[in-house]
Number of protein chains: 4
Amino acid sequence: MTEREDLLVGEYPILPKQERAQQKRNALLESGRILFIEKGYEQTTAKEIAARAGVATGTFYRYFSDKRQLLMSLLEDKIDELLPPEPNWTTGNPELLLASLLESHMKRLNGMGLHRVLPELLHKDSELAEVLKEARKKIHSRILTGLKRAYDLGLTWKDLDLEKVAWSIMVLAESGNTEMGEHCKKEDFFGLAKVICRIVFPPDVLKKLLIENEE
Amino acid sequence: MTEREDLLVGEYPILPKQERAQQKRNALLESGRILFIEKGYEQTTAKEIAARAGVATGTFYRYFSDKRQLLMSLLEDKIDELLPPEPNWTTGNPELLLASLLESHMKRLNGMGLHRVLPELLHKDSELAEVLKEARKKIHSRILTGLKRAYDLGLTWKDLDLEKVAWSIMVLAESGNTEMGEHCKKEDFFGLAKVICRIVFPPDVLKKLLIENEE
Amino acid sequence: MTEREDLLVGEYPILPKQERAQQKRNALLESGRILFIEKGYEQTTAKEIAARAGVATGTFYRYFSDKRQLLMSLLEDKIDELLPPEPNWTTGNPELLLASLLESHMKRLNGMGLHRVLPELLHKDSELAEVLKEARKKIHSRILTGLKRAYDLGLTWKDLDLEKVAWSIMVLAESGNTEMGEHCKKEDFFGLAKVICRIVFPPDVLKKLLIENEE
Amino acid sequence: MTEREDLLVGEYPILPKQERAQQKRNALLESGRILFIEKGYEQTTAKEIAARAGVATGTFYRYFSDKRQLLMSLLEDKIDELLPPEPNWTTGNPELLLASLLESHMKRLNGMGLHRVLPELLHKDSELAEVLKEARKKIHSRILTGLKRAYDLGLTWKDLDLEKVAWSIMVLAESGNTEMGEHCKKEDFFGLAKVICRIVFPPDVLKKLLIENEE
DNA sequence: TATGAATGAGACTTCATTCAT
DNA sequence: TATGAATGAAGTCTCATTCAT
């Protein structure tokens with residue numbers, strides 16, 4: 001539609017319309033994300049989001065039907081990042097492995113920051129609550145699967161309560177994130193990883209695994 | 001509650017003014033608490049709180065400067081209930097002991113319910129955030145103290161990272177509450193208690209403690 | 001609730017709350033009515049209505065859920081005034097009788113003025129459209145009844161199409177109102193009355209009726 | 001309509017610029033007309049009109065300064081169709097003649113449909129009100145002329161109030177249109193025509209006219 | 001003190017109109 | 001010229017807070 005046959009030397013980085021729109025949408029998403037994190041969802045207005053994104057109020061409504069939908073879009077974009085990678089307990093040094101998993105998971109979460117906004121929304125938005133519940137279910141089952149595999153290989157405590165332990169790991173991972181906040185250090189992750197390993201593996205198995213993977 | 005059907009003889013009201021005022025204040029607090037839990041803090045209006053407490057909107061503002069202050073008062077009243085009792089690991093069956101501690105702590109928390117409202121407030125109210133941070137610090141140090149004692153008695157893993165483990169226990173206890181919600185069963189607490197015990201005690205010590213306390 | 005035991009000599013015309021509220025409601029209704037007529041429904045804002053009634057915007061919403069409901073209330077209050085009295089053709093000079101009926105009906109309509117606002121609303125408000133349709137049905141059947149009686153007494157043209165004539169009378173009465181507007185004169189009504197009488201009565205009957213009632 | 005599938009040989013577009021512009025303008029007018037009728041004037045947005053006409057919002061404003069001007073243009077185009085043909089009472093069967101006049105007039109009005117939109121506009125647009133008033137004046141005088149001719153030929157009631165009767169006929173014709181709406185039947189027009197004839201002609205004259213034209 | 005009506009700031013949303021492409 | 005994204009003024013409505021009774 002837009003004639004572009006004259007973009008001789010690419011001097012102006014004229015972005016095609018769609019791309020510019022996408023940029024604007026992204027600017028709004030980012031602006032919303034930041035404000036939600038900084039001030040909380042309720043305290044953020046559509047007007048502010050637009051202003052911070054450098055557009056007029058009305059423009060906000062071209063891209064999102066309302067604040068809530070912007071948040072939903074944020075989540076859709078990012079929900080996968082909430083999922084930690086499935087840990088493979090049986091290969092490699094489990095403590096180090098876990099520590100690095102925790103660290104990267106947490107880095108991602110913090111980089112996004114949205115998890116801080118979510119609790120405040122569970123009350124008013126049951127759809128969102130559902131989405132998050134599903135996500136947690138996924139996380140839980142992913143952890144559970146890993147545990148099960150280790151259990152079947154006879155690596156774990158014999159009397160491991162898989163469900164409960166999976167839940168504990170999930171909670172510790174989540175909270176580790178929130179709690180330790182910005183000032184997280186390598187040691188913290190490693191410490192947490194050790195706690196988790198102790199929950200899962202008997203000391204002898206653990207020692208064996210550590211030695212095996214030392215080489 | 002306030003029977004007054006006998007104020008016929010011009011006696012002074014049975015309840016002195018101050019006490020009646022106190023009752024009203026309490027009604028407002030309770031009304032606020034319930035509504036905050038039911039609908040969330042933001043979604044609750046001063047008018048509603050007043051209505052549910054059976055007083056006029058204006059009366060609300062005689063007792064509280066605003067919604068926030070009401071919440072603060074609620075917390076001041078209840079903050080101590082957030083603190084779990086200091087566990088004594090060295091006396092009695094630690095698993096059962098812990099399970100029952102967890103259960104009663106959770107019952108109290110749920111009975112109050114405010115913890116569900118708090119996350120939504122941390123953004124807008126740094127004073128409140130501070131208050132809660134302090135409370136957690138207290139809880140953490142209380143758990144830490146208990147762990148330290150057990151550690152000094154040589155009951156725990158030798159390489160126990162006291163800080164981290166205290167934190168883990170705190171988190172598990174907190175989350176156990178939120179997560180398991182209404183439908184919590186005895187087994188859940190016991191399962192969680194076992195996980196925590198495994199974090200703290202080596203299996204042989206644990207077995208000894210269990211046997212000792214069986215008699 | 002409001003102590004009033006001290007209204008000694010009625011010096012201040014302290015109106016009981018309810019009555020003042022009623023006054024305010026009426027002020028809003030009247031303000032709305034006037035503005036709707038002056039500027040049209042769409043062109044009138046809730047804010048304006050409130051301002052003209054001397055109250056704040058929010059007060060408007062204490063009494064009415066929105067503009068539309070205010071209009072509906074106006075109509076409920078006034079809808080009966082839209083109904084013309086049932087004409088009795090057989091008693092008295094029908095021309096004079098009809099002229100005076102038309103005049104008073106029109107005065108009432110004009111005094112209210114709402115009929116000018118209604119057409120603009122039929123598009124967007126089918127409930128209102130229904131209400132008005134019902135009102136017209138009532139008017140039509142009232143006229144029809146009167147005609148029927150005259151017809152049965154053999155006073156009218158033998159081949160009178162009662163339905164159609166009733167409709168014509170209704171339309172002429174309505175339009176007479178709108179059209180002739182402010183500058184209506186006695187003669188206009190009388191002229192219109194004569195037209196209608198000619199539709200209904202053969203000249204000889206009419207003459208007889210006129211003579212009878214001259215005495 | 002605009003077949004252009006053959007523009008292969010670099011010929012000039014079959015339609016000169018001006019003509020294409022005219023087409024667009026017409027598309028906009030038609031789109032506006034339809035939407036005004038369907039949804040009402042206020043409820044129709046410029047964007048919608050443009051969309052339905054298959055052009056961009058901005059294009060709307062190239063052809064019309066705003067919605068109002070589009071409506072005015074519509075009226076200018078169509079105002080003549082609002083005028084009924086001048087009835088010739090003295091030739092042919094006046095009842096049938098009138099019935100067919102009414103029918104075709106109404107068909108035209110309904111085909112256009114704009115009359116339903118007009119009432120809502122009289123408030124906000126005095127220029128438009130003026131235009132319509134003029135149109136009605138024309139209609140009235142056209143009817144009046146016809147009546148006058150019949151009167152001068154001695155065909156009508158002797159005491160005919162020409163002005164008033166002309167007005168009544170105009171009103172009945174107009175309303176007939178609106179009221180009877182879509183489901184109008186031949187009989188309705190004929191019935192209305194009879195009413196009007198009775199207003200105008202004494203029965204004997206009417207009978208004579210009918211007989212004369214029967215042959 | 002208690003009441004609850006009144007206030008008005010401000011959030012949400014729509015849409016006529018402009019303007020860069 | 002045509003496009004349709006962008007603008008921002010203006011209307012709707014809510015609610016924390018005040019204040020006359």
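Chain letters run A, B, ... following the sequence lines, proteins first and then strands; every chain starts at 1.
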Nucleotide-resolved protein contact map, nucleotides 11-18 of chain F, B/S/- at heavy-atom distance under 4.0 Å: SSBB-SBB
Residues forming a side chain to side chain contact (heavy atoms under 4.5 Å, CB included) with A:A46, sequence neighbours excluded: A:F60, A:Y61
If only atom types and distance count, is the side chain of D:K24 paired as donor or acceptor with the main-chain N or O of D:V55 below 3.5 Å? no
Table please: side-chain donor-acceptor pairs of residues 31-38 of chain B below 3.5 Å, with sequence neighbours left out.
residue	atom	partner	partner atom	Å
B:S31	OG	B:I49	O	2.7
B:R33	NE	B:E30	OE1	3.2
B:R33	NH1	B:G111	O	3.2
B:R33	NH1	B:M112	O	2.6
B:R33	NH2	B:E30	OE2	2.9

Listed by chain and number, what are the side chain to side chain contact (heavy atoms under 4.5 Å, CB included) partners of D:E76, not counting sequence neighbours? none
In whole Å, what is the span from the CZ atom of B:F64 to the P atom of E:dA2? 13 Å
Among residues at least two apart in sequence or on other chains, which ones pass side chain to side chain donor-acceptor pair (under 3.5 Å) with D:E130? none
Rounded interatomic separation in angstrom, taking CD from D:Q23 and P from F:dT1: 15 Å
Stem list, DNA chain F (Watson-Crick or G-U pairing under 3.5 Å, at least 3 consecutive pairs): E:2-21 with F:2-21
Contacts of D:V55 and A:A56 projected onto DNA chain F by closest heavy atom; the upstream (5') one is D:V55
Those residues at least two apart in sequence (or on a different chain) that pass side chain to side chain contact (heavy atoms under 4.5 Å, CB included) with A:L29 are A:R25, A:N26, A:F64, A:L70, A:S73, A:L74, A:D77
Atom pair distance, as rounded to whole Å: CG in C:L28 and P in E:dA5: 14 Å
Can you tell me if B:Y63 touches the phosphate of E:dT1, counting only side-chain N or O atoms and a distance under 4.0 Å to OP1 or OP2? no
List for me each residue that meets side chain to side chain donor-acceptor pair (under 3.5 Å) alongside D:S65, sequence neighbours excluded, and say none if there are none. none
Applying side chain to side chain contact (heavy atoms under 4.5 Å, CB included) to C:K47 and not counting sequence neighbours gives C:T45, C:T57
Roughly how many Å is it from CZ in B:R62 to P in E:dT3, rounded to a whole number? 10 Å
Between CD1 of A:I49 and P of E:dT13 the distance, given in whole Å, is 11 Å
Partners meeting salt bridge (charged side-chain N to carboxylate O under 4.0 Å, His left out) with D:R62 (sequence neighbours left out): none
Side chain to side chain donor-acceptor pair (under 3.5 Å) partners of B:Q69, counting only residues at least two apart: none
Any residue of residues 32-41 of chain B with a heavy atom less than 4.0 Å from an atom of DNA chain F: none
Could you tell me the separation between the CD atom of B:Q23 and the CD atom of B:E19, rounded to the nearest 0.5 Å? 6.5 Å
Taking atom C1' of F:dT21 as reference, at what distance in whole Å does atom NZ of C:K24 sit? 12 Å
